[in-house]
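So that the names make sense, note that chain A is the first sequence line, chain B the second, and so on, each numbered from 1.
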Number of protein chains: 2
Amino acid sequence: MKSRYGQFCPVAVASEIFAERWTPIILRELVLGSRGFNEIHRGVPRISRALLAKRLRELTAAGVIEATEGEYRLTEAGQELGEVVKSLGAWGARWTAPVQRDRLDARLLTWDMHRRIAVERLPERRVVVRFDFHGVPAGHKAPRTYWFVMERPDVDLCIIEPGFEVDLFVSADLASFARVWLGEVPIRQVVREGAIKLSGNREAVRDFPSWLLLSTLAAVPRPAETTQRRVA
Amino acid sequence: MKSRYGQFCPVAVASEIFAERWTPIILRELVLGSRGFNEIHRGVPRISRALLAKRLRELTAAGVIEATEGEYRLTEAGQELGEVVKSLGAWGARWTAPVQRDRLDARLLTWDMHRRIAVERLPERRVVVRFDFHGVPAGHKAPRTYWFVMERPDVDLCIIEPGFEVDLFVSADLASFARVWLGEVPIRQVVREGAIKLSGNREAVRDFPSWLLLSTLAAVPRPAETTQRRVA
DNA sequence: CGGTATCCACTACGATACTG
DNA sequence: CAGTATCGTAGTGGATACCG
């Protein structure tokens, strides 16, 4: 076992575990609650399955996760490393401009969103939402249409027509919706400006903004307007 | 500019900046106060100079550091990223066993140490300390002997005989000294056990343990004895 | 569902030498 | 001191196919 950095400094040792390609993003998935291999992969779709398996093995060997009964779980050490992932994310939310063309991916957005629905605010009956995203650069492989089938307490994400009647149609510019998701701009403002259009069942249109909890990073305070932020 | 991860998630965007090879360690040097190119390189000696220059350019482009008048400085964003470096280091101190054979490097240890001397506790006059490390695997290129020339408020690290009379001789097992440096074991205990030997001027022998401030990570609380820690 | 095996392409990196 | 230039290579990881 050769050390990448050859330093006994704990920053270097921790970096050998944490600062590998894809690893922070895999850990983010685990922090957000993914447990199965394919489930994790949905949150990191552009990693190859072979490499994902390798990274999971490495994290297991490092004692950050445990693999039992086909589930991956953060150990105690892993949960503390999860706090580092959160601070890194908070830094990104504060100091970068994450919504850029080559980063837009509707799969990821809907995958994240379906975990952040306030199920207790949903009506008792099943609610079906259909999303249509536009403003996606051509040549992108991700679908433009997604469905949420929400039946308390479950929220299922579909990429093929689920066959139920749709209660709410959401038609949105992908970049604008991503900015809403990240808390950079209030959803009602974007609806007013027309970059997000809601139609269908009257109550669903009215209540949808309250169902959607937004990213856990949406609440991160941003630097003052006067401070220079980065375009990275 | 193609995105590494193709995700607008701030964790991914921040990882594109932070979780690159060597970058956390370069940032650690900046956090600890290094400013010049060669100064930074002394704290990251195993990176090639070409790659260090490239990383510094990338960090500048990302707005994490600024290069002015031949000095690199953390920006406001960089200082906040420095907090992430510190938490990562704290995690490493808590959950890893950093002192392993292939990570020992006396250059790094002495380089870090010379920045952590309580100069205000030193005598008025110049004090010269000579370190001799043993227990280093053969084939290691780093010297075994180093000198600190301490003349308030400066502490100079030398790898060649500075020509002054030596006040204090420190002869130590490198691994043991590293453990002391990281706060894993008290210096007086290791001196008692014989893995560190102090000789020379009587007062210097007595006071040396109080001059040496230890790593900034030495004070990190470790998990309870009963909790499993990693050997990574 | 949850992976492994194989193969190949690339590129990031280290080594070395050189420059203002 | 503070880098740049050049070049060869090790190793990383993507693609594809296969398996229990």
Got a sec, which pairs hit salt bridge (Lys or Arg N to Asp or Glu O under 4.0 Å) with one end in [range], sequence neighbours left out?
| range | value |
| --- | --- |
| residues 108-117 of chain A | E29(A)-R115(A), D112(A)-R115(A) |
| residues 87-96 of chain A | R94(A)-E80(B) |
| residues 147-157 of chain B | R126(B)-E151(B) |

Counting just side-chain N and O atoms, does Y72(B) come under 4.0 Å of either OP1 or OP2 of dC1(D)?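 Checking dC1(D) against Y72(B), no side-chain N or O comes under 4.0 Å of OP1 or OP2.
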Length of the [atom1]-[atom2] vector between [X] and [N], whole Å:
| X | N | atom1 | atom2 | result |
| --- | --- | --- | --- | --- |
| K54(B) | dA12(C) | NZ | C1' | 6 Å |
| E69(A) | dG3(C) | CD | C1' | 18 Å |
| L52(A) | dT12(D) | CG | C1' | 16 Å |
| I26(A) | dG13(D) | CD1 | P | 11 Å |
| L56(B) | dT4(D) | CG | C1' | 14 Å |
| E58(A) | dG11(D) | CD | P | 15 Å |

Can you list the residues that meet the ring-ring contact (aromatic ring centres under 6.0 Å, His included) rule with F177(B), with sequence neighbours excluded?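 So F177(B) forms a ring-ring contact (aromatic ring centres under 6.0 Å, His included) with F133(B).
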State which residues pass side chain to side chain contact (heavy atoms under 4.5 Å, CB included) with [X]; sequence neighbours excluded, sorted by chain then number.
| X | result |
| --- | --- |
| A67(A) | Y72(A) |
| R21(A) | R55(A), R4(B), Y5(B) |
| R49(A) | F37(A), N38(A), H41(A) |
| R57(A) | A53(A), K54(A) |

Would you jot down, in residue-number order, the residues of residues 32-40 of chain B having a non-hydrogen atom under 4.0 Å from DNA chain D?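 Within residues 32-40 of chain B, the residues near DNA chain D are F37(B), N38(B).
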Qualifying residue, where the test is side chain to side chain contact (heavy atoms under 4.5 Å, CB included) with I117(B) and the options are V127(B), V129(B), L122(B):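 In the set V127(B), V129(B), L122(B), the residue that makes a side chain to side chain contact (heavy atoms under 4.5 Å, CB included) with I117(B) is L122(B).
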Tell me the bend of the helix from dC1(C)-dG20(D) to dG20(C)-dC1(D) as the angle between end helix axes, each from five pairs, rounded to the nearest 10 degrees.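 One end axis against the other gives 60°.
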Any luck finding a side-chain donor-acceptor pair between Q7(B) and R28(A) under 3.5 Å?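 Yes, side-chain donor-acceptor contact under 3.5 Å.
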Counting the atoms with a prime plus P, OP1 and OP2 as sugar-phosphate, which does R4(A) contact under 4.0 Å by heavy atoms, base, sugar-phosphate, or nothing?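 Answer is nothing: R4(A) stays at 4.0 Å or more from every strand.
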Under the side-chain hydrogen bond (donor to acceptor under 3.5 Å, both in side chains) rule, collect the residues that match up with T145(A), sequence neighbours excluded.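 Expected list: D132(A).
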Tabulated below should be each protein N or O lying under 3.5 Å from an N or O of nucleotides 14-19 of chain C; please produce it.
residue: dG14(C); atom: OP1; partner: R21(B); partner atom: NH2; Å: 3.2

